[in-house]
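Just below is one structure, and these are the notes that go with it.
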Amino acid sequence: MQIPRPAPGRAPIWVVATIGLIVLTVGAVWWGLAATVGKPNWMDLTWEITDDNTMVVHYQVAKPTDQTVRCLILAQGPDHAAVGSTEVTLGPDPQQQKAYATTVRTTSRAVRGGVDSCRAVPAR
């Protein structure tokens with residue numbers, strides 16, 4: 001089967017469109033890498049409800065070894081409203097990925113807990 005050729009005079013349009021598509025693809029890959037490389041990454045592991053006013057949240061944080069990060073840990077009630085929160089600062093560590101446990105004081109009984117966000121902060 002023979003591949004059809006573009007109509008006469010249409011070849012420049014196909015060349016420009018192909019180059020544009022390549023440039024957009026490279027730009028999308030660059031933007032995706034720039035948004036994630038060197039940034040902290042976290043994953044909720046589990047949580048324990050200790051009593052009506054306390055919860056322990058277990059989570060894992062991956063970050064560059066020389067980076068200090070601050071994470072916001074939230075406890076949520078049955079209606080998904082925040083019933084407690086705490087910020088924890090994790091300093092440089094020789095391990096790139098490490099598990100942590102944080103106790104969160106709550107105003108009422110929590111049913112779920114986890115990491116809301118982590119961001120890099122200047123080391124002290």
Using every non-hydrogen atom in the two residues, find where A120 and Q67 come nearest and quote the distance to one decimal.
CB-NE2, 3.5 Å
Quick one: list whatever passes side-chain contact (heavy atoms from CB on, under 4.5 Å) with K98, sequence neighbours left out.
D93, Q95, Y100
Contact check, side chains of E87 and T89, non-hydrogen atoms, under 4.5 Å
no
How many angstroms lie between atom CH2 of W14 and atom CD1 of I19, to the nearest 0.5 angstrom?
14.0 Å
Go through the structure and list residues passing side-chain contact (heavy atoms from CB on, under 4.5 Å) with S108, not counting sequence neighbours.
V83
Heavy-atom check, side chain of S85 versus side chain of I73, under 4.5 Å:
no
If you look at every heavy atom in T65 and P94, which pair is closest and at what distance?
CG2-O, 3.4 Å
According to a hydrophobic-cluster definition based on side-chain heavy atoms being under 4.5 Å apart (Ile, Leu, Val, Met, Phe, Trp, Tyr only), do I22 and W30 belong together?
no
Test item: T107 side-chain N/O and G84 main-chain N/O as donor-acceptor pair under 3.5 Å
no
Go through it in stages, so that I can follow the logic: the residues are M55 and T50, the test is side chain to side chain contact (heavy atoms under 4.5 Å, CB included), and I'd like the CA-CA distance, side-chain angles, deciding distance and then a yes or no.
CA-CA 5 Å; M55 169 181 267; T50 309; 5.8 Å; no
Residue pair C118 / V61: nearest heavy atoms and the distance that separates them:
SG-CG2, 4.4 Å
Check the pair V88, Y59 against side chain to side chain contact (heavy atoms under 4.5 Å, CB included), reporting the backbone distance first and the verdict last.
CA-CA 12 Å; V88 61; Y59 54 98; 3.4 Å; yes
Taking all non-hydrogen atoms of both residues, which atom of A110 and which atom of A75 are closest, and how far apart?
CB-CB, 3.9 Å
Please examine the side chains of H58 and E48, heavy atoms only from C-beta on, and report whether any two atoms are closer than 4.5 Å.
yes
What one should report as the nearest heavy-atom pair of T68 and G91 is OG1-CA, 3.9 Å
For the CD1 atom of I49 and the CZ atom of R112, what is their distance to the nearest 0.5 Å?
11.5 Å
Checking Q60 side chain against L45 main chain: does a donor-acceptor pair fall under 3.5 Å?
no
Kindly write out the residues that satisfy side-chain contact (heavy atoms from CB on, under 4.5 Å) with D116, not counting sequence neighbours, or none if the list is empty.
L72, L74
D44 side chain to V115 main-chain N or O, any donor-acceptor pair under 3.5 Å?
yes
Please examine the side chains of N41 and K63, heavy atoms only from C-beta on, and report whether any two atoms are closer than 4.5 Å.
no
